[in-house]
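Just so we're on the same page: letters track the sequence lines, and every chain starts at 1.
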There are 2 protein chains.
Amino acid sequence: MTTIIAVDTLIFMFNTEDGMILEKKKAFNEFAQSKGLRSTRQRDIILDIFLSTHQHVSVEDLYLKVKASHPGIGYATVYRTLKLFSEAGLAREILLHDGQTRYEHVLAGEHHDHLVCTGCNAIIEFEDETIEKLQDEIAARHGFLIRRHKLELYGLCARCRNIG
Amino acid sequence: MTTIIAVDTLIFMFNTEDGMILEKKKAFNEFAQSKGLRSTRQRDIILDIFLSTHQHVSVEDLYLKVKASHPGIGYATVYRTLKLFSEAGLAREILLHDGQTRYEHVLAGEHHDHLVCTGCNAIIEFEDETIEKLQDEIAARHGFLIRRHKLELYGLCARCRNIG
DNA sequence: AGTAATGTGAAATTGAATATCAAAAGCAGA
DNA sequence: TCTGCTTTTGATATTCAATTTCACATTACT
């Protein structure tokens with residue numbers, strides 16, 4: 001009986017945004033602990049704010065957001081903390097055409113590529129199983145062991161095609 | 001009769017490296033003319049040396065090559081000239097994982113992507129018609145008009161897998 | 001040749017990423 | 001809770017490639 005309630009709760013947690021946030025906080029705490037990192041107010045705040053974002057953020061973006069409510073927190077701390085999130089598996093660095101590193105949220109078991117509008121800078125995520133397979137084949141043909149890949153499509157979104 | 005000889009010569013030109021080089025020089029001269037650019041000794045030299053390379057070169061790489069035979073030519077000139085080649089359609093800028101812009105030769109009607117060995121920095125070019133098509137489909141599904149794309153596979157080549 | 005405009009080279013600037021370091025804060029043990 | 005050691009922080013400096021600047025040289029045109 002107790003077990004069943006716990007399972008329900010767990011499913012609930014994973015299916016709501018709040019649950020996701022709690023889960024990620026837990027994951028980060030575990031990472032921090034395993035690495036012998038200390039728990040600091042700044043990191044908690046930055047994690048909260050990062051988790052509250054939905055787009056791909058640059059260090060600058062997040063720094064500005066953080067500074068708005070916590071003016072004492074410096075750029076370097078945001079920079080270092082985002083790197084930590086990345087190591088912890090909560091965030092992923094993405095480098096697009098404009099040479100600005102952005103961080104996106106990592107969702108469990110998910111991989112995707114990017115469709116970027118050069119007009120309005122919108123970033124759309126997509127996934128294509130067939131492309132992934134073809135990539136593996138190409139790599140195999142050349143004797144490569146693929147570690148990661150990067151597929152970005154640049155163009156104009158429906159809206160920008162009409163405006164621009 | 002005269003016409004037939006001319007056609008033969010043209011085919012010959014396009015099928016040899018020297019012919020390719022002549023063709024590219026001509027293309028650049030036409031571009032320069034259309035843009036009202038002046039013809040300078042430096043640009044001629046840099047074009048010659050660029051056309052003599054076979055790999056993907058960074059500005060630094062080409063600058064060093066140029067300096068070896070023509071010490072008077074500065075970095076900025078090589079930099080600006082490579083940009084010009086790029087505008088003229090002779091070269092294409094490629095940005096790989098290491099944050100160094102490289103220039104590759106543009107061959108008529110050819111498109112390819114890159115397989116990069118993170119062990120020895122070898123760059124292998126490949127082409128996959130199916131992937132291209134899938135990309136177009138994905139773009140269409142999102143109402144995008146694709147201008148360009150970037151597909152890079154990072155991993156270890158056969159040799160580096162064994163060594164490292 | 002004269003002259004107006006473009007090109008060149010050295011050096012300066014930019015912009016993002018990253019490193020430095022003194023001061024502040026967290027943590028384990030007394 | 002206090003101590004002392006270690007990590008973290010925040011401001012600033014450094015790095016590194018890309019790009020711009022500017023005085024001088026060179027080119028195209030008459």
*Under 4.0 Å between any heavy atoms, over every strand shown, what does B:Lys83 touch: base, sugar-phosphate, or nothing? Just pick one.*
sugar-phosphate

Quiz: residues 69-87 of chain A side-chain donor-acceptor pairs under 3.5 angstrom, not counting sequence neighbours:
unit_1: A:Arg80; atom_1: NE; unit_2: A:Ala76; atom_2: O; d: 3.4
unit_1: A:Thr81; atom_1: OG1; unit_2: A:Thr77; atom_2: O; d: 2.5
unit_1: A:Lys83; atom_1: NZ; unit_2: A:Glu93; atom_2: OE2; d: 2.8

_ring-ring contact (aromatic ring centres under 6.0 Å, His included) partners for A:His142, two or more places apart_ = none

*Calculate the interatomic distance between A:Leu82 atom CG and D:dG10 atom P; express it in whole Å.*
14 Å

Name the pairs: protein N/O against N/O of nucleotides 8-12 of chain C, kept only if under 3.5 Å.
unit_1: C:dT8; atom_1: OP1; unit_2: B:Thr40; atom_2: OG1; d: 2.6
unit_1: C:dT8; atom_1: O3'; unit_2: B:Gln42; atom_2: NE2; d: 3.1
unit_1: C:dG9; atom_1: OP1; unit_2: B:Gly72; atom_2: O; d: 3.0
unit_1: C:dG9; atom_1: OP2; unit_2: B:Gly74; atom_2: N; d: 3.3
unit_1: C:dG9; atom_1: OP2; unit_2: B:Thr77; atom_2: OG1; d: 2.3
unit_1: C:dG9; atom_1: N7; unit_2: B:Arg80; atom_2: NH2; d: 2.7
unit_1: C:dG9; atom_1: O6; unit_2: B:Arg80; atom_2: NH1; d: 3.1

*Apply side chain to side chain contact (heavy atoms under 4.5 Å, CB included) to A:Thr53 and list each qualifying residue two or more places apart in sequence or on a separate chain.*
A:Phe50, A:Val57, A:Leu62, A:Lys65, A:His105

*Take atom NZ of A:Lys67 and atom C1' of D:dT9, then tell me their distance rounded to the nearest Å.*
16 Å

*Grab the NE2-P distance between B:His97 and D:dA17 for me, whole Å please.*
14 Å

*asked:* Measuring from the side chain of B:Tyr79 (C-beta onward, heavy atoms only), which nucleotide among C:dT18, C:dG7, D:dT19 has the closest atom?
replied: D:dT19

*State, yes or no, whether a side-chain contact exists between B:Leu47 and B:Leu90 at a heavy-atom distance under 4.5 Å.*
yes

*Atom NE2 of A:His70 to atom P of D:dG10: distance rounded to whole Å?*
11 Å

Tabulated below should be each protein N or O lying under 3.5 Å from an N or O of nucleotides 2-5 of chain D; please produce it.
none

*asked:* For DNA chain D, which residues of residues 45-60 of chain A approach it to below 4.0 angstrom with any heavy atom?
replied: none

_Measuring only between side-chain heavy atoms, which start at C-beta, is B:Ile163 closer than 4.5 Å to B:Arg159?_
yes

*Would you say a side-chain N or O of B:Thr101 is under 4.0 Å from OP1 or OP2 of D:dA17?*
no

*B:Leu84 CG to C:dG7 P: how many Å, rounded?*
8 Å

*asked:* Does anything in residues 35-46 of chain B form a side chain to side chain donor-acceptor pair (under 3.5 Å)? List the pairs, not counting sequence neighbours.
replied: none

*Let me know the distance between CD of A:Gln33 and C1' of D:dT7, rounded to the nearest Å.*
15 Å

*With sequence neighbours excluded, what pairs up with B:Asp136 under the side chain to side chain contact (heavy atoms under 4.5 Å, CB included) test?*
none

*With sequence neighbours excluded, tell me which residues meet side chain to side chain contact (heavy atoms under 4.5 Å, CB included) with A:Glu137.*
A:Leu134, A:Arg141

In residues 145-158 of chain A, what donor-acceptor pairs under 3.5 Å come from side-chain atoms, sequence neighbours left out?
unit_1: A:His149; atom_1: ND1; unit_2: A:Gln135; atom_2: OE1; d: 3.1
unit_1: A:His149; atom_1: NE2; unit_2: A:His111; atom_2: NE2; d: 3.2
unit_1: A:His149; atom_1: NE2; unit_2: A:Asp113; atom_2: OD1; d: 3.3
unit_1: A:Lys150; atom_1: NZ; unit_2: A:Leu95; atom_2: O; d: 3.2
unit_1: A:Glu152; atom_1: OE1; unit_2: A:Tyr154; atom_2: OH; d: 2.5
unit_1: A:Tyr154; atom_1: OH; unit_2: A:His97; atom_2: N; d: 3.0

*Output every pair passing salt bridge (Lys or Arg N to Asp or Glu O under 4.0 Å) with a member in residues 45-64 of chain B, not counting sequence neighbours, ordered by first then second residue.*
B:Lys25-B:Asp48

*Would you mind reading off the distance between B:Leu96 atom CG and D:dA18 atom P, rounded to a whole angstrom?*
13 Å

Review item, side-chain donor-acceptor pairs of residues 122-129 of chain B, under 3.5 Å, at least two apart:
unit_1: B:Glu125; atom_1: OE2; unit_2: B:His56; atom_2: NE2; d: 3.0
unit_1: B:Glu125; atom_1: OE2; unit_2: B:His112; atom_2: NE2; d: 3.4
unit_1: B:Asp128; atom_1: OD1; unit_2: B:Thr130; atom_2: N; d: 2.9
unit_1: B:Asp128; atom_1: OD1; unit_2: B:Ile131; atom_2: N; d: 2.9

*Using atom CD of A:Gln100 as one end and atom P of C:dT14 as the other, report the distance to the nearest whole Å.*
18 Å

